[in-house]
Amino acid sequence: IPVDPFDLVIFGSTGDLAQRKILPALFRRYCAGQWPEDVQIIGAARSDLDSDAFRDLVAQSLRTHAPAQFRDSSALNAFLQRVDYVALDALSDEGWGNLAAKLTIDRVRAFYFSVGPRLFGPLAERIKANDLATAQTRIVVEKPFGHDLGSAQTLNATLAAHFSEGQIYRIDHYLGKETVQNLMAVRFGNMLFEPLWNSQYVDHIQITVAESVGIDGREEYYERAGAMRDMVQNHLMQLLCLIAMEPPAKFDPDAVRDEKLKVIRALDPVKPHHIVRGQFEGGPNGLSYRDTVGNPRSTTESYVALRAHVSNWRWAGTPFYLRTGKRLVARSSVINVMFKDAPHSIFGADAGRHANVLSIRLQPNEGITLKVTIKEPGQGGMRLVDVPLDMSFAEALGPENQNPPDAYERLVMDVIRGNQTLFMRGDEVEAAWAWTDPIIAGWQARGDVPKPYESGSTGPGDAELLMKRDGRRWQGIN
Ligand code: BG6
């Protein structure tokens, strides 16, 4: 469905995120025919470029980052005609008049802050001071949204001084992933799962976001953040919320976000022996974490595994195990809902114990698998075996779904449509920090040092022990 005409200003438009993600996402939506012709995309940054030089830069990025079938030059040229540029400085008045002159009156006007959080305040102030904000103005901000609760509160207050909450779109790109949205469709669009979705039937839940990449190119940021701030506080927390939340009355921004917030607020503090930190060592495919950041004594974690508890009626007694790390054996994000064993085996002890597992694969090979128990074929008596009921979206929905839209495509279009359902509300972000901060403070107070793990492995051995102590084990990363 085409959206209304809009002006989108991208601050930090020469940066990595804009070039690798935002502009390719806009281009793909353009190719899909989702925009009217008179849209304007205005890059803004400090670099002293003219519009043609900026278009050249965008063209280069699209040739690298847009999917091959969209690199055809007529579509590319048509897209570039919608792209413009102003050189401006967030910290001075320079360039703001030029930006004002380019904006169209009376249409959706979105300002994308693809810059570090220290510029959020100055940008918000200058947008206001130059009278660029209208009733149809939206601003989009990226993580990291703060470094801890205090800094997140300050950022929220800074933005709130200039914009209403309904105008602020805080991106967590995991919410834009197709399968993450599918998680809600599976839970709330089917009768099958919801009655079993509680501690009576679910033994535990595993959320894994494994990455094979390291942190190259982002050493400075990562060394200050670590896996807890970079991944757990936001992406894994959002996945946990969507799995654990109560059904909202409707799929509307505040109804969904109210339910997610209740989950975060119901999280117990994590006990020190329920959390494992790791740091990757060097190996054939790269340097160790410490060598990468050039700090031989770094205690920043590149891996976290933890056991969380949502203390409410639905989930009392069902642990949520979360793990994420860099330089692991494979890139694999998956949520496993591990159901309890059947209470009694009518087939006798020889048949073994079997439990259903619902796996929601976020990436790669997006899809859902339900492991069910059936009879092993043959004459050998009643032996049981587990088989997957497998739904790969690409297979089930046809080849056009081979390449699901990138999260940013969905999210940027939602900004234009004015739909905040897949964006984080200020109180959610703060609640997530309120849960994360004591964990990090505990590490600091105890002088905790992350456990080394081999690059290309599944993480530190202690993460296996975390499960083993509870009589459980992680599902494989692959
Ligand atoms: C980002 C983190 O938010 O998400 C990165 O800062 C991480 O460290 C990335 O690599 C993972 O995103 P995706 O979409 O590749 O799973």
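One-based numbering, in listed order, for ligands and for the atoms of each.
The shortest N or O to N or O distance between Arg218 and ligand 1 is below 3.5 Å. Among the atoms of Tyr174, some N or O lies under 3.5 angstrom from an N or O of ligand 1.
Atom 14 (O) of ligand 1 has its closest protein heavy atom at Lys177 NZ, 2.6 Å. In terms of protein heavy atoms, atom 12 (O) of ligand 1 is closest to His173 NE2, 3.1 Å. Regarding atom 15 (O) of ligand 1, its nearest protein heavy-atom neighbour is Arg331 NH2, 3.4 Å. Ranking the protein heavy atoms by distance from atom 11 (C) of ligand 1 puts Glu211 OE2, 3.4 Å first.
For Glu246, the CD atom sits in a packed shell: over 12 heavy atoms of surrounding residues, nucleotides or ligands are nearer than 6.0 Å.
Close approach of ligand 1 to Lys326 (heavy-atom distance below 4.0 Å) involves ligand atoms 5 (C), 7 (C), 8 (O), 10 (O). The atoms of ligand 1 that sit less than 4.0 Å from any heavy atom of Gln363 are 13 (P), 16 (O). Atoms of ligand 1 found under 4.0 Å from any heavy atom of Lys143 (numbered from 1 in listed order, with element): 1 (C), 2 (C), 3 (O), 6 (O).
Contacts classified as ring pair (Phe, Tyr, Trp, His ring centres under 6.0 Å) and involving residues 257-282 (residues at least two apart or in different chains) are given here: Phe280-Tyr289.
Of the listed residues (Ile215, Asp172, Asp230), the one carrying the non-hydrogen atom nearest atom 8 (O) of ligand 1 is Asp230.
Residues Leu242 and Lys260 are in side-chain contact: their nearest non-hydrogen atoms beyond the backbone lie under 4.5 Å apart.
Taking a 4.0 Å cut-off on heavy atoms, Tyr222 fails to register as neighbouring ligand 1.
Ring planes of Trp197 and Phe193: perpendicular class, angle over 60° (limits at 30 and 60°).
Residues Ser151 and Asp148 bring a donor and an acceptor atom of their side chains to less than 3.5 Å of each other.
Ionic pairing of Arg257 and Asp427 is not present here: no N-O contact between side-chain nitrogen and carboxylate oxygen is shorter than 4.0 angstrom. Under 4.0 Å is where a charged nitrogen must lie from a carboxylate oxygen, and between Arg28 and Asp406 no such pair does.
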Solution key, residues 207-214 side-chain donor-acceptor pairs under 3.5 Å, sequence neighbours excluded:
| residue | atom | partner | partner atom | Å |
| --- | --- | --- | --- | --- |
| Thr208 | OG1 | Arg323 | NE | 2.9 |
| Thr208 | OG1 | Arg323 | NH2 | 3.4 |
| Glu211 | OE1 | Lys326 | NZ | 2.7 |

